[in-house]
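Working notes, structure below.
Residue numbers start at 1 and run along the sequence shown.
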Amino acid sequence: MKTIDELLTDGVAGKRVFVRADLNVPLDGTTITDDGRIRAVLPTVKALADAGARVIVASHLGRPEGAPDPAFSLAPAAARLGELLGAGVAFADDTVGPSAEAVVADLADGQVAVIENLRFNAGETAKNDAERAAFADKLAGLADVYVGDGFGAVHRKHASVFDLPKRLPHYAGYLIATEVGVLRKLTEDVSRPYVVALGGAKVSDKLAVIDQLLGKADRLLIGGGMAYTFLKAQGHEVGISLLQEDQIPAVTEYIERAEENGVELVLPVDVLVSTEFPDLRTKAPTHPTTVAADAIPADQEGLDIGPETRKLYASKLADAATVFWNGPMGVFEHPDYAEGTKAVAQTLLDSPGFTVVGGGDSAAAVRTLGFDENAFGHISTGGGASLEYLEGKTLPGLAALED
């Protein structure tokens, strides 16, 4: 995989460089609530602009179903990118139409433009190879060189991720190079003890990665909504907690395999429960109670790991040489149920080992809860991409860059 440093060495002054970024930021109307993904691509964009390239930044945002939708416009992201760069950023209000063509044609050396949401064109996500290829051909007409730096999208076989690099000289940006380097540390020659903390809502989202980790990790800590399927598999009452009944056979098998493989599988010993899910908008107090994990009342819902579990998980993480954390321990968006996620984050901060926060809700939690993200070993920008890499899957966007 050739990197941006090789491109810069060869010289990019005057060249049109298409940067496939991940600007899929959360929005409250037109207000960006977390600009982490924009900041993540800054080193690549700035290096190219400083070297005199004419930089065309492209991304998806949300799921606009292949047609323009103002709710998913990249205009706020383009404005924020300009603020962070300290320079004007032009914005095209289409992807491959007259606006994009005019904006790109007007770029001078060292200037940056953002084109509108790639998913406003059905060809971006088309399952039909010919339809996707046709859109990639049009995108290729805008540029001379391709730089892939949208790690959060590399697990998608989309036109701008998979097809476009085949049509242009292609390089990996700084973000993708860093992400791949980190993930290799989690899969090749891992420093031990290697501890993985998995949370989030659905155990079905994590089955494939658990399957792989049962042959690699030394300890596996389970929290979040997915923990209740594990507890149910052990025969415990879980009340009205989030439960995937159809996954109990697979979870039961994983519990048995963990014991056979000598992997320490750690489940909550106590949880915070309530009779109803909290209001995340008003943050109104819910007055949860703490119960043993094997004694959840039938009319109660588990919403966070309890204080004894926090201590237990901290002790299991304390001596780790390598830690991978993906998924919050509870409903961290509400203050009544944020302490479990806070405890895991704090333990990672205090850890002398190499700590990786695996994107998605975990990365959002780190920022939402006020932690210094620079204090962690690495915070991934792509939760789904990170998990699929750890599952051993071939990621289309990385494969395209390696050709």
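Classification of the Tyr146-Phe18 ring pair by plane angle, with boundaries at 30° and 60°, yields parallel.
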Taking distance alone, no hydrogens or angles, what donor-acceptor pairs closer than 3.5 Å link side-chain atoms of residues 73-85 to residues at least two apart or in another chain?
residue: Ser73; atom: OG; partner: Ala75; partner atom: N; Å: 3.1
residue: Ser73; atom: OG; partner: Glu116; partner atom: OE2; Å: 2.8
residue: Arg80; atom: NE; partner: Asp35; partner atom: OD2; Å: 2.9
residue: Arg80; atom: NH1; partner: Glu83; partner atom: OE1; Å: 3.0
residue: Arg80; atom: NH2; partner: Asp35; partner atom: OD2; Å: 2.9

Tell me which donor-acceptor pairs under 3.5 Å the side chains of residues 287-304 have, and how far apart each pair is, sequence neighbours excluded?
residue: Asp304; atom: OD2; partner: Gly340; partner atom: N; Å: 3.0

Could you list the donor-acceptor pairs under 3.5 angstrom formed between side-chain atoms of residues 98-107 and any protein atom two or more places apart in sequence or on another chain?
residue: Ser99; atom: OG; partner: Asp93; partner atom: N; Å: 3.1
residue: Ser99; atom: OG; partner: Asp93; partner atom: OD1; Å: 3.1

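No side-chain N or O of Thr286 forms a donor-acceptor pair with one of Glu276 less than 3.5 Å apart. For Asp270 and Thr309, the side-chain atoms include at least one donor-acceptor pair closer than 3.5 Å.
What you find for Pro193 and Asp319 is that their closest heavy atoms are CD-O, 3.5 Å. Taking all atoms of both residues into account, the shortest heavy-atom contact from Arg37 to Val25 is CB-CG1, 4.3 Å.
Applying the ring-ring contact (aromatic ring centres under 6.0 Å, His included) test to every pair with at least one member in residues 311-369, sequence neighbours left out, gives these pairs: His334-Tyr337.
Heavy atoms from other residues, nucleotides or ligands lying under 6.0 Å from CZ of Arg39 number more than 12. The 12-atom threshold is not exceeded at CG of Asp28, counting heavy atoms of other residues, nucleotides or ligands nearer than 6.0 Å.
Residues that satisfy the ring pair (Phe, Tyr, Trp, His ring centres under 6.0 Å) test with Tyr171, not counting sequence neighbours, are absent from this structure. Here His170 pairs with nothing under the ring pair (Phe, Tyr, Trp, His ring centres under 6.0 Å) rule; sequence neighbours left out.
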